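Here the structure is a predicted model, which means the values were calculated and not measured. Just so you know, ligand 1 is whichever comes first in the structure, and atom 1 is the first atom listed for that ligand.
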Amino acid sequence: MPACPVTVVLPCLNEAESLPGVLAAVPAGYRALVVDNNSTDGTAEVARRHGADVVAERTPGYGAAVHAGVVAASTPIVAVLDGDGSLDPAQLPALVADVEGGAADMAIGRRRPTPGLKWPWHARLGTAAVCWRLRRRHGLPVHDIAPMRVARREALLALGVTDRRSGYPLELLVRAARAGWTVTERDVDYGPRTGGTSKVSGSVRGSAIAALDFWKAIS
Ligand SMILES: Nc1nc2c(ncn2[C@@H]2O[C@H](COP(=O)(O)OP(=O)(O)O)[C@@H](O)[C@H]2O)c(=O)[nH]1
Ligand SMILES: [Mg+2]
């Protein structure tokens, strides 16, 4: 195994409060790469202080940040997860093993709520609806839109995902299905964000914008 096979890309918009805990949980030997998307709360400094590499992406949007991180990574395998503390990087190695061992072209996390999580109905409903369509129309056996995912960097870039907002994860799944990728899904813990505020599913407005992006990506 190469010395550092995995880069963990963390798209971040104002996640200074949550980042220290997230970075502390990144498995030994993995490289953390924070993509700072015009944060105003010192996210980039906090990230550097806690040992992460940092790239700046000026174009707003989740997809813009993720894409910049995957491009900037230099390892054969990339993992992507949120920088808000809701997901645990310590659960990445099981997903990495699927990709490294050849069981999957992409391994994704299926979020399972931990006690105390408030998961808004509009977010759950949107996820359930698009995943139903992914299964029915695209034949992809998934139950979540995968805010935690692992794939080989070059193959991921070759898929050519174009969405730069919140439709990115879905467009990725659709393109993976069309390319005949094997996608494995593993349960991962999903807890409350550990600081800062939600940019997407915490409000009906954010969810509505995401739903629109989702639908464009999947229809
Ligand atoms: N870089 C960047 N990251 C974003 C943007 N929107 C959301 N994120 C990040 O994407 C992740 C998920 O967003 P979050 O606000 O937690 O959405 P929620 O989980 O649906 O409430 C977090 O790590 C955010 O910092 C954006 O416009 N740019
Ligand atoms: Mg979140």
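Donor-acceptor pairing under 3.5 Å is lacking for the side chains of Arg153 and Thr7. A donor-acceptor pair shorter than 3.5 Å cannot be found between the side chains of Asp84 and Ser18. Glu17 and Thr194 form no side-chain donor-acceptor contact under 3.5 Å, judged by distance and modelled atom types alone.
Taking atom 10 (O) of ligand 1 as the reference point, the nearest protein heavy-atom neighbour is Tyr62 CD1, 3.5 Å. Considering only non-hydrogen protein atoms, atom 4 (C) of ligand 1 sits nearest to Leu13 CB, 3.8 Å. Scanning all protein heavy atoms for the shortest distance to atom 13 (O) of ligand 1 gives Val200 CG2, 4.1 Å. Atom 20 (O) of ligand 1 has its closest protein heavy atom at Ser201 OG, 2.7 Å.
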Is there a side chain to side chain donor-acceptor pair (under 3.5 Å) between Arg111 and Ser86 once you walk through the steps? CA-CA 10 Å; Arg111 289 171 293 173; Ser86 62; over 6 Å; no

Salt bridge (charged side-chain N to carboxylate O under 4.0 Å, His left out) assessment of Glu15 paired with Lys199: CA-CA 11 Å; Glu15 302 293 5; Lys199 287 97 214 170; 3.1 Å; yes

Criterion salt bridge (charged side-chain N to carboxylate O under 4.0 Å, His left out) on Glu45 and Arg49, from CA distance to verdict: CA-CA 6 Å; Glu45 293 92 84; Arg49 219 182 308 133; over 6 Å; no

Show every donor-acceptor pair shorter than 3.5 Å between a side-chain atom in residues 120-128 and any protein atom, with sequence neighbours excluded, or say none if there are none.
from, atom 1, to, atom 2, distance (Å)
His122, ND1, Ser207, OG, 2.7
Thr127, OG1, Ala123, O, 3.0

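Val130 has its side chain within reach of Ile145: a pair of non-hydrogen atoms, C-beta onward, lies under 4.5 Å apart. Looking only at side-chain heavy atoms (C-beta outward), Tyr30 and Leu92 come within less than 4.5 Å of each other. Using a 4.5 Å cut-off on side-chain heavy atoms (C-beta onward), Met148 and Gln91 make contact. Residues Asn38 and Arg58 have side chains in contact (heavy-atom distance under 4.5 Å, counting atoms from C-beta outward). Within the 4.5 Å cutoff, the side chain of Leu95 has heavy atoms near those of the Arg186 side chain. Side-chain contact check for Val150 versus Asp98: every heavy-atom pair is 4.5 Å or farther apart.
Residue Pro11 has at least one nitrogen or oxygen atom sitting less than 3.5 Å from a nitrogen or oxygen atom of ligand 1, judged on distance alone. Geometrically, ligand 1 and Asn37 share a nitrogen or oxygen pair separated by less than 3.5 Å.
Atoms of ligand 1 lying under 4.0 Å from at least one heavy atom of Ala65, given by number and element, are 1 (N), 2 (C). Close approach of ligand 1 to Gly83 (heavy-atom distance below 4.0 Å) involves ligand atoms 23 (O). With ligand atoms numbered from 1 in the order given, ligand 1 contributes 22 (C), 23 (O), 24 (C), 25 (O) to contacts under 4.0 Å with heavy atoms of Glu15. Of all the atoms in ligand 1, the ones that sit under 4.0 Å from a non-hydrogen atom of Asp82 are 11 (C), 12 (C), 23 (O). Taking every heavy atom of Arg193 and a limit of under 4.0 angstrom, the matching atoms of ligand 1 come to 14 (P), 15 (O), 16 (O). When each atom of ligand 1 is checked for a heavy atom of Gly61 under 4.0 Å away, the hits are 26 (C), 27 (O), 28 (N).
The shell of residues lying under 4.0 angstrom from ligand 1, judged by heavy atoms, includes Cys12.
By the criterion of a heavy-atom distance under 4.0 Å, both the backbone and the side chain of Ser198 are placed next to ligand 1.
The number of protein N, O or S atoms lying under 2.8 Å from the Mg ion (ligand 2) is 1.
Looking at Arg111, Arg164, Lys199 and measuring to atom 6 (N) of ligand 1, the nearest heavy atom belongs to Lys199.
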